[in-house]
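Have a look at the structure below, then the notes.
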There are 2 protein chains.
Amino acid sequence: MGILERKEREKEEMRRKILDAARKLFLEQGFEKTSIRNIADAIEYSPATIYLYYKDKNELLFALHEEAFLKMMEELSKVVSVKDPFERLVEMGHQYIKYAVENPELYDLMFIMTAPMETLACRDEIWEDGMKSFCLLQTVVEQCITGGYFKKDLDVEIASLTIWSYMHGLVTIYLKNRMNMFGDDRQLERMQLSYKMFVEMLKISFK
Amino acid sequence: MGILERKEREKEEMRRKILDAARKLFLEQGFEKTSIRNIADAIEYSPATIYLYYKDKNELLFALHEEAFLKMMEELSKVVSVKDPFERLVEMGHQYIKYAVENPELYDLMFIMTAPMETLACRDEIWEDGMKSFCLLQTVVEQCITGGYFKKDLDVEIASLTIWSYMHGLVTIYLKNRMNMFGDDRQLERMQLSYKMFVEMLKISFK
DNA sequence: TTGTTTACTAAACAGTGTTCATTATATTTG
DNA sequence: CAAATATAATGAACACTGTTTAGTAAACAA
């Protein structure tokens with residue numbers, strides 16, 4: 001009886017259909033201004049139908065959050081092609097900034113919004129996506145130690161947290177419009193200058 | 001005719017009454033879960049009345065945002081009592097973390113939420129509160145240069161932005177629950193360890 | 001063909017920010 | 001003091017929001 005399998009396929013198709021519409025609308029007009037009814041309209045179904053495929057709006061956001069991590073990991077993983085470990089770390093930072101600037105809504109969902117964390121909490125799950133990308137950073141930091149760029153007794157976890165904190169702070173100050181206090185339009189330039197300074201700091205003080 | 005002045009006084013009193021109730025509710029149950037109707041109930045007035053004193057919810061949030069900056073500046077300014085410039089900077093960082101951890105909702109409003117920025121934008125004003133606290137940081141960084149802790153040719157603005165980015169990133173990762181990916185309950189400890197590492201980085205690489 | 005399961009939806013619930021015509025009150029004027 | 005006016009406050013509505021539920025229509029199994 002292949003009928004059950006077809007049903008399963010259809011169910012999965014519908015979930016994707018919903019997610020596709022949700023992603024499109026969220027990226028077009030932001031999370032705040034996109035409602036379940038908007039999504040329902042887009043796929044020409046009733047709002048109630050969406051609740052047959054996703055428990056609530058948080059679950060929908062969580063699914064997009066997972067997608068966004070997949071996408072970011074793809075971008076960040078490209079740096080393996082960089083031979084030098086320290087340059088690899090530096091390039092990873094550049095890619096991180098690039099991803100955040102080019103996908104502000106997704107970045108928000110991944111690292112700022114509490115919605116996906118709430119879904120995890122009520123599922124009693126850990127934030128695997130976050131952990132995976134943090135591990136990627138840790139790996140590169142370790143490679144910097146192995147490569148002789150960083151000292152052997154460096155606390156990898158804390159060092160990675162320190163690096164991530166800086167990167168995250170920099171891009172969120174920018175994304176949440178706190179950088180237009182400078183008045184001019186040299187915000188991206190300032191980010192790059194600060195990042196350059198931070199890289200120097202790493203080079204000098206982690207050795 | 002002192003009658004106009006009395007009216008002015010009464011108007012100001014009402015504005016404060018609303019703001020007091022708003023602050024209380026926002027801090028008690030968060031911004032998301034507090035509605036204009038809740039605030040109206042608390043002060044025993046109709047919801048429409050609030051709109052006679054504040055243009056919209058954003059303006060209300062902006063007023064609280066200003067208050068929060070006043071409060072933070074008070075806390076941070078205490079560090080002038082620390083004689084040594086570098087220790088002063090370090091202490092300021094500690095106070096920043098303390099403020100964020102103890103006032104998560106206010107921190108959110110000050111540095112993450114877009115609502116107060118929107119109010120500024122439609123008033124064609126600059127983010128003065130943000131600028132003032134950034135200047136405080138810049139001042140202390142300058143004092144570290146004068147005191148011989150940091151090199152003379154350090155770009156004060158970029159260095160301050162770099163420091164702020166790190167601090168902001170660290171506390172937001174914590175506040176937005178991204179740190180429970182570590183599984184344990186040593187989150188505050190990890191923050192302190194990372195901050196200690198960052199202070200070392202400053203000491204070494206800004207010299 | 002009948003009975004049952006599944007997929008879907010209309011309608012409602014309880015809320016949201018915000019606006020506006022209307023009412024009640026306070027102040028000013030004749 | 002009474003009438004006219006200005007001000008303050010509100011009830012009710014508008015157009016939304018996320019979510020639930022009872023009921024319908026279609027697909028499947030017997």
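Order of the sequence lines sets the chain letters (A, B, ...), proteins ahead of strands, with each chain counted from 1. Keep in mind it's a predicted model, so treat the numbers as computed, not measured.
- Minimum atom distance to the side chain of Ile36(A) is reached by dT19(D), of the listed dA10(C), dT6(C), dT19(D).
- The base of dG15(C) has none of its N or O atoms less than 3.5 Å from a complementary donor or acceptor on the side chain of Arg37(B).
- Within the nucleic acid shown, Tyr54(B) has no heavy atom closer than 4.0 Å to any nucleic acid atom.
- For Lys7(B), the side-chain atoms get nearest to dA26(C) when compared with the rest of dT20(D), dT10(D), dA26(C).
- The distance from atom NZ of Lys33(A) to atom C1' of dG17(C) is 13 Å, rounded to the nearest whole Å.
- Taking atom CD on Glu8(B) and atom C1' on dA8(D), their separation rounds to 14 Å, with Å as the unit.
- A straight line from CD of Glu32(B) to P of dG15(C) spans 17 Å, rounded to a whole angstrom.
- Relative orientation of the Phe69(B) and Trp127(B) rings is perpendicular, given thresholds of 30° and 60° on the angle between their planes.
- Judged by the 6.0 Å and 45° rule, Lys203(A) forms no cation-pi pair with Tyr149(A).
- By the 6.0 Å and 45° rule, Lys176(A) does not stack over the aromatic ring of Phe111(B).
- Within the model, atoms CZ of Arg23(B) and CG of Leu60(B) stand 10.5 Å from one another, a figure rounded to the nearest 0.5 Å.
- Nucleic acid contact for Ser35(A): sugar-phosphate only, since backbone atoms but no base atoms lie under 4.0 Å from a heavy atom of the residue.
- Between the CG atom of Asp56(A) and the C1' atom of dT20(D) there is a distance of 13 Å, given to the nearest Å.
- In terms of position on DNA chain C, the residue among Glu10(B) and Asn58(B) whose nearest nucleotide sits closer to the 5' end is Asn58(B).
- Rounded to an integer number of Å, the gap from CG of Asp41(A) to P of dA10(C) is 11 Å.
- Considering only side-chain atoms of Arg6(B), the nucleotide from dT19(D), dT18(C), dA26(C) that sits closest is dA26(C).
- Atom CG in Leu52(B) sits about 14 Å away from atom C1' in dT25(C), given to the nearest Å.
- To the nearest angstrom, P of dT27(C) lies 14 Å from NZ of Lys11(B).
- Residues Ser46(B) and Pro47(A) both approach DNA chain D. Their nearest nucleotides, taken by heavy-atom distance, put Ser46(B) toward the 5′ side.
- Nearest nucleotide to the side chain of Tyr51(A), out of dT18(C), dT19(D), dA9(D): dT19(D).
- Under 3.5 Å, the side chains of Gln138(B) and Glu142(B) contain no donor-acceptor pair of N or O atoms.
- The distance between atom CD1 of Ile50(B) and atom P of dT10(D), rounded to the nearest whole Å, is 10 Å.
- For Tyr45(B) and dA8(D), the shortest distance from a side-chain N or O to OP1 or OP2 is not below 4.0 Å.
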